[in-house]
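Encoded as structure tokens, the structure appears first; notes follow it.
The chains referred to below are lettered A, B, ... by the order of the sequence lines, with proteins before strands, and numbering in each begins at 1.
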Amino acid sequence: MTNLEKYNKTFTETLGISEDELQGLEYQGISQWDSVGHMGLVSAIEDEFDIMMDTDDIIDFSSYEKGKEILKKYDVEL
Amino acid sequence: MDILKDKVALITGCNRGIGKEILYRFAQEGAVVYSVARVEGSLDKSAKELSEKFGSKIIPLYFDVRETDKAKDALINIKKQSGRLDILVNNAGVMKDALIGMIDKPLMKDIFDVNVFAVINMIQLAYKLMSRQKSGSIINLSSIVGIEGNAGQMVYSASKGAVAALTKTSAKELAPLNIRVNAIAPGMIDTDMFRSIGEEKVEEHLSNIKIGRLGTPTDIANAAVFLGSDLSSYITGQILGVDGEALV
């Protein structure tokens, strides 16, 4: 499984959505991605890539695309 | 006694006083302890001695709790080495007194950086491990003066009052994850820090303790053992006064 596939899986499994809903997806853009869903999503990403995100990055993680940028800081190439 | 057997604990401020005694009691009760101090090497000897004496695993870690990156690295290491964190004891703290009119910004910053902001940071880091395992106990060190106030300690008492408030709030937020958060509010405890106020003042304070003696670091450590153990599994959001019915 590629890193992008892993990244997508964290969204689809944590938020219960399909892959075709990922492009353009934003924090609080759907009911599942609320503050509680956000922490669950962060946990899933941290587990998947064996990283621990900084608080600033967790706050900054505002969209599906933004998450990809943030992961680069942790040497995760998608 | 092994009531903390195999529980993985992280204790800050272990080099002296109450923290040193909490480390001792946790080791005695069989916990795996990551013990934190600022000065490199300062815990090596005691960690070795406690490991040999009680057969517990004691791992010294050296960082200043104000350094968020190093605190994060410590939690990453705990995750890698032990895979879990059962107990966090936020013990590290500073006490600096100043009368109203003589309180400057650096003093406020020094006290709040260690006593409050570092505690919040450590809770956020511990949450990352504890939320995954759906269990954990966080123990914060507040103070009787954080509840009752004390002349000459406006900033210190405010910081310890903040610890009580953040304890109650985080307990409410983390209870659904089975993470308990409690605080201990020590009264007058016989430590070097307390003795630094002078013998005359110590005697004066002693007369205000109804139980008739100063508290010992062991009195506080025993409370920490209880709150860290499964004996307190239904207790959260509490500020436990350990003060011998002291009047401040």
Determine yes or no for a side-chain-to-main-chain donor-acceptor pair under 3.5 angstrom, with B:Lys128 supplying the side chain and A:Ser43 the backbone.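 Checked: no pair found.
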
Step through the shown structure and confirm whether more than 12 heavy atoms of other residues, nucleotides or ligands are within 6.0 Å of [atom1] on [X].
| X | atom1 | result |
| --- | --- | --- |
| B:Lys20 | NZ | no |
| A:Gln28 | CD | yes |
| B:Lys57 | NZ | no |

Taking non-hydrogen atoms and a cut-off under 4.5 angstrom, which of residues 60-78 of chain A neighbour chain B? A:Tyr74

Assess the residue pair A:Met52 and B:Asp73 against the criterion (side-chain contact (heavy atoms from CB on, under 4.5 Å)); give the C-alpha distance rounded to whole Å, side-chain angles, the decisive distance to 0.1 Å, and a yes or no. CA-CA 9 Å; A:Met52 194 178 277; B:Asp73 289 344; over 6 Å; no

Looking only at A:Thr55, A:Ile51, A:Asp54, the option with the highest number of non-hydrogen pairs under 4.5 Å against chain B is A:Asp54

CD/A:Glu46 to CZ/B:Arg132 distance, rounded to the nearest 0.5 angstrom?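 CZ of B:Arg132 is found 5.0 Å from CD of A:Glu46.
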
